[in-house]
Every structure is written in C-alpha cells, then in structure tokens.
Amino acid sequence: MRLRRAFFERYTPAVARDLLGCRLVRIDGGRRLSGVIVETEAYRGSRDPASHAYAGRTSRNAVMFGPAGCAYVYFTMGMHHCLNVTTEFPGTPGAVLLRAIEPLEGVSEMVRNRGSGAPAHIADGPGRLTKALAIDRRLNGEDLVTSEALWLESGSRPARIETSGRIGISKGTARRWRFFVEGSGFVSSGRPAAKAQNP
DNA sequence: TAATGGATGTTCT
DNA sequence: GAACATCCATTAT
C-alpha cells in the first residue's frame, strides 16, 4: 500500500525511523525497480545546523519548506545526487535522506545503471542509491503521494533498529538521527561524523 | 582492513 | 573562493 500524506506530516526523526522496512519504488523506462529501505537520516530546520534548511530558504532547498511527501533531490560533491523525502508541514522544513536499500525488483537494471558492479553494493549509500534507480534533479519536487514515477509503499517493521550520529556532516554531530536495520548487510559502510570539538 | 586523496560541479558567502 | 548530507582507486598496515 502506498504511503499517504499523513505518514510524512510528523516529527522528522519519527518518519525516518518508520521508513525502515518500507519499499521504495521507481518506474524507469517502463521497468519497475524497487527495494526495502534499510538506512535513513533525519534533517530538520532552523534548530539543526547540519540541515540545508538551517540558514533559511534558498532556491535549492525550497522543496524542504513545502508540503510533506515530496522528493528533495540535490546534487552534491560534484558527482552525486541524493534523494530525500520531505516531512512535517509547509513552513516547517524537514526531510529524510534515503541512504540505502536492499534491492528487490529490477536488480539487473540497477547493476547496469551503476556501471561498476559489486552485486552486494548496488544501493548501499546515498549516491549509489540514486544512480542505481536513475534518480536526478528532474525528480526534485515530485509528489511521492501521487507520482507515477517514484513512490513509497508500506512494509513490515524490521525486528531490530539501530541509531547513530549522521554521516559526512561537520555540525549537528551530537544528534543520533541516523537509523538503520541492524545486521542488514545492505547498510552503507560510512562511519558517523566524529563529535565536534571546541577549538 | 584502514587511511588517504582525487574527481567533479553547484551553492552560498 | 570555500564548502559540500560522496564514491572509488590506490597506498599503507
């Protein structure tokens, strides 16, 4: 069953946790690609220095300030795209970064999209995930509640959920807003950012 | 297995 | 001009 708007209109870390076990579905060239979400991170607004929305609304992060349940796709590090889902309510920015999935349908398509292919590492990282699913900025702002190209479906909650600090950030490292399925084997290998120190 | 550094381009100061 | 929610190959242990 497709997730409805109300699922996303909640406290962002709660959405990030509840997305574990849900299915991400992508229609690419008429083919159905999908996988179970095994790793997410929560990003909020003016109180979260690691968030793109921390310094206020810009043309890049505008989607985070809009309705919940939409795709926020941005280009990072000169080479990669990252896929987020917006949360909370218009005017209160929030988004969940989808960091890894366990591939289910269209695995051979995903391997082809990725080019170099270690089979166990098709989508175990935010950049790898978007490349495997052929996601780029054309999907920025896509409404996942109604879209025919990209959406989320409910699943079964994993038995064991682990948390940690978020990966690859330099501020807001104290918050344990990364959520992943313990023992999954499809979780990214990144380590949480070290806790910030006073100079 | 762990650590390092290069590729690469958009965004914001 | 600096920073950046990354990935991968190469080098060192």
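Because the structure is predicted, anything quoted here is derived from the model rather than measured. Throughout, protein chains are lettered first and strands after them, A, B, ... in sequence-line order, and every chain is numbered starting at 1.
Within residues 48-74 of chain A, the residues approaching DNA chain B are A/Thr58, A/Arg60, by heavy-atom distance under 4.0 Å.
Looking at every heavy atom in both residues, A/Arg4 comes nearest to A/Val145 through C-CG2, 4.2 Å.
For residues 125-134 of chain A, the pairs satisfying salt bridge (Lys or Arg N to Asp or Glu O under 4.0 Å) are A/Asp124-A/Arg128, with sequence neighbours left out.
A salt bridge between A/Arg31 and A/Glu105 is absent, with no side-chain N of the basic residue lying under 4.0 Å from a carboxylate O of the acidic one. Taking the charged nitrogens against the carboxylate oxygens, A/Arg178 and A/Glu39 do have a contact shorter than 4.0 Å, which makes a salt bridge. Taking the charged nitrogens against the carboxylate oxygens, A/Lys171 and A/Asp48 have no contact shorter than 4.0 Å, which rules out a salt bridge.
Mapping heavy-atom proximity under 4.0 Å, the span of DNA chain C touched by chain A runs 5' to 3' from C/dC4 to C/dC8.
Residue A/Ile169 is classed as a sugar-phosphate contact, given heavy-atom separations below 4.0 Å to backbone atoms only. Counting non-hydrogen atoms under 4.0 angstrom, A/Arg137 reaches the backbone sugars and phosphates but no base. Within 4.0 Å (heavy atoms only), A/Gly78 reaches at least one base atom of the nucleic acid.
Crowding of A/Arg32 atom CZ: a count of heavy atoms from other residues, nucleotides or ligands under 6.0 Å exceeding 12.
In terms of the ring-ring contact (aromatic ring centres under 6.0 Å, His included) criterion, A/Phe7 has no residue partners (sequence neighbours excluded).
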Anything under 3.5 Å between a protein N or O and an N or O of nucleotides 3-7 of chain B, put it in a table, one pair a line.
residue, atom, partner, partner atom, Å
B/dA3, OP2, A/Arg191, NH1, 3.4

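Geometrically, A/Arg137 engages A/Phe75 in a cation-pi contact, judged by NZ or CZ lying under 6.0 Å from the ring centre and within 45° of the ring axis. Judged by a 6.0 Å distance limit and a 45° cone about the ring axis, A/Arg166 is positioned over the six-membered ring of A/Tyr43.
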(request) Let me have DNA chain B in dot-bracket notation, would you? Count Watson-Crick plus G-U wobble pairs, both distances under 3.5 Å, and use [ ] for pairs crossing earlier ones and | for inter-strand partners. (result) |||||||.||||.
